[in-house]
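Just so it is clear, the structure is predicted and the values come from calculations on it, not from any experiment. Numbered from 1 within each chain, the chains take letters A, B, ... in sequence-line order.
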Number of protein chains: 2
Amino acid sequence: MGTTQLDTVQEPKYWHLKTVLSDALDSEFAVGEILPNERDLAARFGVARATLRQALEQLELEGRLQRRRGVGTTVAPPRMGVPVDRSGHSWPGAPGDAWQPADAAAVDGGSVPPAVAEPLGVDAGDTVHVVRRTRVDNGQPVAAELLYVPAESVPGLATAAATGPVARARAVLQELQRLDLDGEERAVELGSARAEDAKQLDRLPGAPVLVVTTRYVTGGRTTAVSVSTYRADTCRLTFGDRDDVAVLTG
Amino acid sequence: MGTTQLDTVQEPKYWHLKTVLSDALDSEFAVGEILPNERDLAARFGVARATLRQALEQLELEGRLQRRRGVGTTVAPPRMGVPVDRSGHSWPGAPGDAWQPADAAAVDGGSVPPAVAEPLGVDAGDTVHVVRRTRVDNGQPVAAELLYVPAESVPGLATAAATGPVARARAVLQELQRLDLDGEERAVELGSARAEDAKQLDRLPGAPVLVVTTRYVTGGRTTAVSVSTYRADTCRLTFGDRDDVAVLTG
DNA sequence: TAGTGGTCTAGACCACTCA
DNA sequence: GAGTGGTCTAGACCACTAC
């Protein structure tokens, strides 16, 4: 807005800008509304476009804005709560889970990421089934997943029976249901979207994501590992021990 | 390294740079080692410093690098696993939890963030105790927390008894232990460090953080809410239902 | 084709750390 | 005081979207 000459305390311009914009978003804009373009905004605030962009990037990181190339910058809706654990442990693919199987492939144990191969105890020469799944909430893609299942864990799998990619994925998931599940162990960390994930999530490569790594434990052994990649800008991951979630914000 | 003229496919320079640097980190550098400074690196790769910095920022976001003004850029150790839930539910401040109480204050219900006030059901005029705690793992500050406890939840609290700030914090925590805890409900989302948190976490304002919001439920009502802010660059939050965590990576 | 955000440059100065 | 990363500028061109 006007001139702010209390720069006696050194506060980066982009930080101050972010605060001003954040307040403006609360008071003067509605969800979905399009902001002025970056060149105009920069001129209005008397800063270089790069500086303005630094402020916008922060606000996008916090889920306040959504930017789309060729379109513009819009005010983002509040983050959606995405339930990550289910009350009572269950295997992926159990009835009612939120994921859609996409395809499956059998790969060599040497080609899976070390962070996955290690807990599974697989090496080069072993076979690992990799199931791809996606998750759509509120009509929007929110997550992509790779589920790693050593062939050893599903000895009854009839590999030849399935014809299409989705059928192959379902076959692996169905075999998992036969096993007892003793427990799950999860880790959440910040990452950036690989090119492949970015495409599925409708974001640019490098976009911030929340990576959830889950170990599925049966009889003291890790029988499967999943790596789920959630859009960090639109998702708030929820972990509840009660069924009636759907609380807090909208 | 050398010239890479397979730019037939349009891939941003910073993205390619990031890949090259990431590989170099794996093969040519040890944890803690100092990289060449940004001006030298940019010259070496034949790009502007801003472009080089874009790649470094990504790698820092992924926890691969650590940058400190006036010092340099170093290779970061693998993220540490930080247990967020405890086996068996328990109140904050229960014996053995990883947090250090810092201080406590009684504030008006109108001045707590809406995302906290709403589930607690507090309004302006109500009194809410705010306990500040910090968490240090491996000699490094990893998280800062604000715990909101409505005065209504701890009617037995003797406010005048405590003398120092830490004692006041402990007094609130001790009162909590008297209540039954039916369940906890958590949410994890990406945020950026407020100036205050940044100082405690030894980071610059705006640094990416994982914000864990926990609702403590007693008899169907939310009796306390905590907002914990973890350094996203150094932490991997773990949620396990088994005691013997301490697995995966180092 | 016009307009948007995304990438990139070649500078400059500042805040901080440390010898 | 020398060297580091952090901020900022004023441009330019590119990739994408929508009309």
What string of B, S and - do you get for nucleotides 9-19 of chain D, 5' to 3', when a contact is any protein heavy atom under 4.0 Å? B--BB-BBB--
Give, for atom OG1 of B:Thr214 and atom CD of B:Glu145, the distance between the pair rounded to the nearest 0.5 Å.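 Answer for the OG1-CD pair, B:Thr214 versus B:Glu145, is 7.5 Å.
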What is the distance from atom OG1 of B:Thr74 to atom CG of B:Leu65, rounded to the nearest 0.5 Å? 7.5 Å
B:Asp26 bridged to B:Arg64 by N-O distance under 4.0 Å: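 A salt bridge links B:Asp26 with B:Arg64.
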Output yes when A:Glu38 and A:Arg53 qualify as a salt bridge under the 4.0 Å nitrogen-oxygen rule, no when they do not.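 Yes, A:Glu38 and A:Arg53 are salt-bridged.
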Provide the closest heavy-atom pair for B:Ile34 versus B:Phe29 in the form atom of the first, atom of the second, distance.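 Nearest pair, atom of B:Ile34 first, then B:Phe29: O-CE2, 4.4 Å.
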Contact summary for B:Leu173 and B:Pro92, nearest pair of heavy atoms: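 It is CD2-O, 3.7 Å.
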Expressed in angstrom and rounded to an integer, what is the separation of [X] atom [atom1] from [N] atom [atom2]?
X        : N     : atom1 : atom2 : answer
A:Leu17  : D:dT7 : CG    : P     : 13 Å
A:Gln58  : D:dT7 : CD    : C1'   : 13 Å
B:Gln54  : D:dG6 : CD    : P     : 14 Å
B:Arg203 : D:dG5 : CZ    : P     : 13 Å
B:Arg53  : D:dC8 : CZ    : P     : 11 Å
B:Lys18  : C:dC8 : NZ    : P     : 13 Å
B:His16  : C:dT7 : NE2   : P     : 16 Å
A:Glu60  : C:dT4 : CD    : P     : 17 Å

Across the strands shown, which category fits A:Leu56 at heavy-atom distances under 4.0 angstrom: base, sugar-phosphate, nothing? nothing
Considering only C:dT7, D:dT7, D:dG5, which nucleotide approaches the side chain of B:Pro12 most closely?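 Nucleotide nearest to B:Pro12's side chain: C:dT7.
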Choose from D:dG5, C:dG5, C:dG6 the nucleotide whose nearest atom is closest to any side-chain atom of B:Arg67. D:dG5
Partner residues of B:Asp202 under the side-chain hydrogen bond (donor to acceptor under 3.5 Å, both in side chains) criterion, sequence neighbours left out: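 B:Asp202 satisfies side-chain hydrogen bond (donor to acceptor under 3.5 Å, both in side chains) with no residue once adjacent residues are dropped.
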Using C1' atoms of five pairs at each end, report the bend of the helix from C:dT1-D:dA18 to C:dC18-D:dG1 rounded to 10 degrees. 20°
For [N] and [X] - does any side-chain N or O of the residue sit under 4.0 Å from the phosphate oxygens OP1/OP2?
X       : N     : result
A:Tyr14 : D:dT7 : yes
A:Thr73 : C:dG5 : yes
B:Asn37 : D:dT4 : yes

Of the options A:Arg203, A:Arg79, A:Gln140, which is the one that meets A:Thr234 in a side-chain contact (heavy atoms from CB on, under 4.5 Å)? A:Gln140
Quick one: does B:Arg186's side chain have a donor or acceptor within less than 3.5 Å of a partner on B:Val212's backbone? no
